[in-house]
Colleague: 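Before anything else, here's the structure in question.
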Amino acid sequence: MPELPEVETTVKQLRREILGRKIEGVWSDFKKIIKKPKDFEEFRKELAGKKIKKIERRGKNILFRLSGGRTLLIHQKLTGHLLVGKWVKERGKWRVFSGALSEKINSYIHLLFVLGNGQMMALSDLRKFAKVELWETERLRETKEFKDLGPEPLDKEFTLEQFQESLKAKKGKIKQILMDQKVVAGIGNIYSDEILWAVKVSPFKRACKLSKNETQAIYRAMRRILSQAIRLKGASISDFRDIRGERGRFDRVRKVYQKEGERCPRCGSVIKRQKVGGRSAHYCPRCQKL
DNA sequence: CGAGGTACCTGACAGC
DNA sequence: TGCTGTCAGGTACCTC
């Protein structure tokens, strides 16, 4: 899935394109993607006529604040991405009619919101892991998932002291801790690898064993790299696209993620890949010693 | 509580 | 050409 920078890119572009629009209709060929309400007809009825008043990001979640006190939540998981344009269906596939520039045919559109002017917002999702939920805004705030979400790493209020405090008691490996949405919201596999390479810390190092200097370096690199990735409109290593179907440029500057067997740009050693908690960590065995 | 496995899906790619 | 196994930006849910 898109991580924080990719979701932020999407949200910024959506604000420009569809803020203030009314949802006129909903189409889906994979209704299981809508987790709440379970019944698609109910989902369709509740959305009909709602106006998109605000679009926000919280961690990796996209929140559409709608009229009538409702919030539409979309989590894109691994391969979901939102596209804005106008499509027509031809031989079972959605073809771009207007709006999107580079994505001419998309076989993975499973949910479409008709927004008026013939404009549409589509959720394309190869692996169908994305989740879509419609909430009463107040109820959503009370959910465990939301209350448990950690601070926004780019928030001014999120201080180094806070970060140090949250790592102090963690026995887990730092890579896993960085990806734990309860510790910090929005970091996933790409950016955790890139952050740790930047500060020469092993992904296997226990969070509680980090020195003050290391923690500070991670904190700073986290903010720097995420901001840089947002400026570059995210990473399109797999199939993330922005809402016009265009690729992000972070993958051009990444140093280790999915670069197993290549040379470390800093010391020339061969980049290794090793599992950490079920995910692949990519790192330089020389720069990032345990 | 934490750690680890599995489930949810589809597709690309390597090796036989 | 197929078949098999592995891997893929995430997270929920289960068991121990």
Colleague: Rounded to the Å, how far apart are A/M179 CE and B/dG4 P?
Modeller: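 About 13 Å, once rounded to whole Å.
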
Colleague: Identify whether any heavy atom of A/R254 sits under 4.0 Å from a base atom; if not, whether one sits that close to sugar-phosphate; answer base, sugar-phosphate or nothing.
Modeller: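 No contact.
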
Colleague: Quickly work out the A/H282 NE2 to C/dC7 C1' distance and round it to whole Å.
Modeller: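 That distance rounds to 10 Å.
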
Colleague: Examine C/dT11: is either OP1 or OP2 under 4.0 Å from a nitrogen or oxygen in the side chain of A/Q181? Give yes or no.
Modeller: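 Affirmative; the distance criterion is met.
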
Colleague: Nearest to the side chain of A/Y108 - B/dT10, C/dC7, B/dC9?
Modeller: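 Output: B/dT10.
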
Colleague: Please report the distance, rounded to the nearest Å, between CZ in A/R279 and P in B/dA3.
Modeller: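 In whole Å, B/dA3 P and A/R279 CZ are 16 Å from each other.
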
Colleague: Taking atom C1' in both C/dA8 and B/dA3, what distance in whole Å separates the two?
Modeller: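 Result for the C1' pair: 23 Å, nearest Å.
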
Colleague: Does a side-chain N or O from A/Q258 land closer than 4.0 Å to OP1 or OP2 of C/dG9, or not?
Modeller: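 For A/Q258, the contact criterion (side-chain N or O under 4.0 Å from OP1 or OP2 of C/dG9) is met.
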
Colleague: So what does A/S236 hit on the nucleic acid, given a heavy-atom distance under 4.0 Å: a base, only sugar-phosphate, or nothing?
Modeller: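 Touches a base.
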
Colleague: Please determine, for the side chain of A/S280, which listed nucleotide (B/dC9, C/dG10, C/dA8) has the closest atom?
Modeller: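 Looking only at side-chain atoms, A/S280 lies closest to C/dA8.
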
Colleague: Which residue, A/K131 or A/G278, contacts DNA chain C at a nucleotide closer to its 5' end, judged by nearest heavy atom?
Modeller: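 The 5'-side residue here is A/G278.
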
Colleague: Between A/K200 and A/R266, is any pair of side-chain heavy atoms under 4.5 Å apart?
Modeller: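 When only atoms from C-beta onward are counted, A/R266 and A/K200 do touch, with a gap below 4.5 Å.
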
Colleague: Do A/Y283 and A/S202 come within less than 4.5 Å of each other through their side chains, counting heavy atoms only?
Modeller: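 Of all side-chain heavy-atom pairs linking A/S202 with A/Y283, none is under 4.5 Å.
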
Colleague: Taking all atoms of both residues into account, what is the closest heavy-atom pair of A/K54 and A/L19, and its distance?
Modeller: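 In terms of heavy atoms, the two residues are closest at CA-CD1, 3.8 Å.
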
Colleague: With P as the reference atom in both, quote the distance from B/dC1 to C/dG10 in angstrom, rounded to an integer.
Modeller: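 The same atom, P, in both gives a distance of 24 Å.
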
Colleague: Could you give the CD1-to-C1' distance, from A/I230 to C/dG9, as a whole number of Å?
Modeller: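 Rounded to whole Å, this separation is 15 Å.
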
Colleague: Expressed as a whole number of angstroms, how long is the span from A/L123:CG to B/dT10:C1'?
Modeller: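 Spelled out: CG on A/L123 to C1' on B/dT10 is 15 Å.
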
Colleague: Which word best sums up how the rings of A/Y257 and A/H282 line up, parallel for under 30°, tilted for 30 to 60°, or perpendicular for over 60°?
Modeller: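 A/Y257 vs A/H282 ring planes: perpendicular.
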
Colleague: Could you tell me how far B/dC13 sits from C/dG9 if I compare only their P atoms? Round to whole Å.
Modeller: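 It comes out at 16 Å once rounded to the nearest Å.
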
Colleague: Looking at A/K93, I'd like to know if its NZ atom is crowded, meaning that more than 12 non-hydrogen atoms belonging to other residues, nucleotides or ligands lie closer than 6.0 Å.
Modeller: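 No - once you tally the heavy atoms of other residues, nucleotides and ligands closer than 6.0 Å, there are 12 at most.
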
Colleague: Determine whether A/F204 and A/Q274 make a side-chain contact, defined as any pair of heavy atoms from C-beta on separated by less than 4.5 Å.
Modeller: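 In short, these two side chains touch, coming nearer than 4.5 Å.
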
Colleague: Using whole Å, what does the distance between atom C1' of nucleotide B/dG11 and atom CZ of A/F129 come to?
Modeller: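 Atom CZ in A/F129 sits about 12 Å away from atom C1' in B/dG11.
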
Colleague: From the set B/dG11, C/dA12, C/dG9, return the single nucleotide nearest to any side-chain atom of A/E145.
Modeller: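 Per side-chain heavy atoms of A/E145, the pick is C/dA12.
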
Colleague: If pairing requires Watson-Crick or G-U wobble contacts with both distances under 3.5 Å, which nucleotide is the partner of C/dT11?
Modeller: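 Here C/dT11 is engaged in a pair, and the nucleotide opposite it is B/dA7.
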
Colleague: Would you indicate whether A/K31, at its atom NZ, is surrounded by more than 12 heavy atoms from other residues, nucleotides or ligands within a distance under 6.0 Å?
Modeller: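 Yes, the 6.0 Å shell around NZ holds more than 12 heavy atoms from other groups.
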
Colleague: Identify which nucleotide among C/dG10, C/dC7, C/dA12 has an atom closest to any side-chain atom of A/K275, counting heavy atoms from C-beta outward.
Modeller: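 Side chain of A/K275 sits closest to C/dC7.
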
Colleague: By nearest atom, which of the nucleotides B/dG11, C/dG10, B/dC9 is closest to the A/L126 side chain?
Modeller: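 Of the options given, the side chain of A/L126 lies nearest B/dG11.
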
Colleague: What integer distance in Å separates A/Q76:CD from C/dT11:C1'?
Modeller: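 The distance from CD of A/Q76 to C1' of C/dT11 comes to 14 Å, rounded to the nearest Å.
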
Colleague: Using a cut-off of less than 4.0 Å, is there contact between a side-chain N or O of A/R127 and OP1 or OP2 of C/dA8?
Modeller: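 For C/dA8, OP1/OP2 do not have a side-chain N/O of A/R127 under 4.0 Å.
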
Colleague: Just compare C/dT11, C/dG9, B/dC9 and give me whichever is closest to any side-chain atom of A/H75.
Modeller: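 From the listed options, C/dT11 comes nearest.
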
Colleague: How many Å lie between CD1 on A/I190 and P on C/dC7, as a whole number?
Modeller: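 Nearest whole value for this atom pair: 18 Å.
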
Colleague: Return the nearest nucleotide to the side chain of A/K32; candidates are C/dG9, C/dA8, B/dC8.
Modeller: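 Between C/dG9, C/dA8, B/dC8, the one nearest the side chain of A/K32 would be B/dC8.
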
Colleague: Below 4.0 angstrom from OP1 or OP2 of C/dT11, is there any side-chain N or O of A/K60?
Modeller: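 True: A/K60 side-chain N/O within range (under 4.0 Å) of C/dT11 OP1/OP2.
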
Colleague: Which whole number of Å gives the distance between the P atom of B/dA7 and that of C/dG5?
Modeller: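 Roughly 15 Å separates the two P atoms.
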
